[in-house]
Structures are given as C-alpha cells and as structure tokens.
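Scroll down for the structure; my scribbles are underneath it.
Everything numeric here is computed off the predicted structure, so don't read it as measured data. Starting from 1, each residue takes its place in the sequence as its number.
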Amino acid sequence: QVQLVESGGGLVQAGGSLRLSCAASGRTFSNYAMAWFRQAPGKEREFVAAITWNGDSTYYADSVKGRFTVFRDKAKRMLYLRCNSLQPEDAAVYYCAARSAGYFSISASESDFQSWGQGTQVTVSS
C-alpha cells in the first residue's frame with residue numbers, strides 16, 4: 001500500500017492557476033502509474049489526468065486538455081497537477097490515486113487504482 005497526501009488547493013479567480021501536489025510514502029514510488037480525479041458537489045467522481053510509472057506518457061480528460069499538466073518527480077516521490085485557466089466548472093475536491101505495484105500503464109478507471117489520498121479542495125470564483 002502507498003500513502004498519498006494532497007496539497008495545494010485553494011480559492012482562485014476564474015482564469016487563474018494552481019499547482020496541486022501529492023506526496024507519496026510507502027512502497028517504491030516508480031513502479032506504478034498514477035492519476036488525478038475530482039469530485040464536485042452532487043456529482044460523481046471523474047477522471048482528470050493520468051501518468052505512466054516513469055512519466056513518459058500522459059492522458060487527459062477532454063475537459064482539461066490543454067489547460068492542465070500532470071507530471072511526477074521520482075526523486076521527491078511527488079505527483080503534481082498544474083492547472084491553468086481555471087474555470088468555475090473546475091471547482092471540486094481533487095484526489096490523487098495510485099495503481100497497484102507493477103501496474104505501469106495509464107488508466108482512467110477508478111477501479112484500477114488501489115490507493116487514494118484524502119483530497120484537496122479547489123474553489124474557482126467567477
């Protein structure tokens with residue numbers, strides 16, 4: 001099991017930017033793929049972005065493509081989500097998630113992720 005702790009959320013005006021961070025501890029950081037999901041009030045949790053075990057490939061939801069960037073720093077055991085041009089519809093609790101050890105490839109399906117953080121709130125004012 002890996003422990004995940006998100007940070008970096010907050011209140012931002014529409015058009016602004018945030019960088020979300022996810023600190024991983026526990027099992028080896030580099031041998032599993034990771035992802036960001038989000039959940040807005042009254043809505044289902046949805047996929048945002050994913051990255052392979054070594055960071056060489058990424059995948060994004062259409063709603064954030066071109067505005068958000070996911071990347072990871074293996075040395076620091078950190079996953080990041082750079083969010084630009086934020087809009088009110090981006091407001092949600094953002095979660096980072098990790099696949100089981102040995103699962104290196106990208107997935108956008110919640111059921112493929114074994115470990116989850118507690119989430120960080122992003123609020124966007126119009």
Side-chain angles (χ1 to χ4, degrees):
Q1 193 84 359
V2 63
Q3 290 74 48
L4 303 172
V5 179
E6 302 95 334
S7 61
L11 172 64
V12 63
Q13 288 189 328
S17 298
L18 284 174
R19 189 184 76 168
L20 307 184
S21 301
C22 174
S25 61
R27 57 178 159 95
T28 303
F29 182 67
S30 60
N31 67 351
Y32 48 87
M34 298 187 73
W36 289 94
F37 291 79
R38 67 186 182 187
Q39 187 169 22
K43 294 188 176 181
E44 298 282 321
R45 188 156 56 184
E46 64 176 2
F47 168 76
V48 176
I51 189 167
T52 50
W53 70 281
N54 61 357
D56 68 345
S57 184
T58 56
Y59 178 67
Y60 297 91
D62 287 343
S63 58
V64 306
K65 200 174 297 182
R67 300 187 298 123
F68 290 13
T69 303
V70 60
F71 56 103
R72 63 196 296 174
D73 185 327
K74 288 188 287 184
K76 295 182 179 178
R77 301 172 61 89
M78 296 291 293
L79 176 72
Y80 301 98
L81 185 69
R82 180 68 179 175
C83 308
N84 294 331
S85 302
L86 282 160
Q87 300 302 315
E89 54 267 32
D90 294 315
V93 177
Y94 282 70
Y95 300 90
C96 70
R99 299 195 70 180
S100 299
Y103 285 82
F104 305 119
S105 59
I106 284 174
S107 173
S109 175
E110 283 189 53
S111 60
D112 287 338
F113 291 85
Q114 179 191 45
S115 301
W116 294 81
Q118 84 292 344
T120 186
Q121 177 73 52
V122 172
T123 304
V124 184
S125 63
S126 56

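Cluster membership check: V48 shares its hydrophobic cluster with Y32, using side-chain heavy-atom separations under 4.5 Å among Ile, Leu, Val, Met, Phe, Trp and Tyr. Using a 4.5 Å cut-off between side-chain heavy atoms of Ile, Leu, Val, Met, Phe, Trp and Tyr, with links allowed through other members, L79 and Y95 fall into different hydrophobic clusters. There is no path of hydrophobic side-chain contacts, each under 4.5 Å, that joins V93 to L86. A chain of hydrophobic side-chain contacts below 4.5 Å, direct or via other Ile, Leu, Val, Met, Phe, Trp or Tyr residues, connects M78 to F71.
Here disulfide bond (SG atoms under 2.5 Å apart) pairs that include residues 97-126, with residues two or more places apart or in two chains, number zero. For residues 35-92, no residue pair satisfies the disulfide bond (SG atoms under 2.5 Å apart) rule, not counting sequence neighbours.
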Identify each donor-acceptor pair in which a side-chain atom of residues 11-25 lies under 3.5 Å from a protein atom, sequence neighbours left out, and give them as a table.
from, atom 1, to, atom 2, distance (Å)
S17, OG, N84, OD1, 2.9

Ignoring hydrogens and angles, write down the donor-acceptor pairs under 3.5 Å from the side chains of residues 33-42, residues two or more places apart or on other chains.
from, atom 1, to, atom 2, distance (Å)
W36, NE1, Y80, O, 3.2
R38, NE, E46, OE2, 2.6
R38, NH1, D90, OD1, 3.0
R38, NH1, Y94, OH, 2.9
R38, NH2, E46, OE2, 3.1
Q39, NE2, K43, O, 3.0

Identify every side-chain donor-acceptor pair in residues 104-115 under 3.5 Å, counting partners at least two apart or on other chains, and give the distances.
from, atom 1, to, atom 2, distance (Å)
S107, OG, S109, N, 3.1
S107, OG, D112, OD2, 2.6
S109, OG, S111, OG, 3.0
E110, OE1, R45, NE, 3.1
E110, OE1, R45, NH2, 3.1
Q114, OE1, R27, NH2, 3.1
S115, OG, V2, O, 3.4

Donor-acceptor pairs are to be reported for all side-chain atoms of residues 58-66 against protein atoms at under 3.5 Å, with residues two or more places apart or in another chain.
from, atom 1, to, atom 2, distance (Å)
Y60, OH, V70, N, 2.9
D62, OD1, K65, NZ, 3.1

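Of all the heavy atoms in R72 and T52, the pair that sits closest is NH1-O, 2.9 Å. The minimum heavy-atom distance linking A49 with L81 is given by the pair CB-CD1, 4.1 Å.
In this structure, CD in E6 is found 4.0 Å from SG in C96, a value given to the nearest 0.5 Å.
Of the possible polar contacts, none joining the R82 side chain to the T69 backbone as a donor-acceptor pair under 3.5 Å is found.
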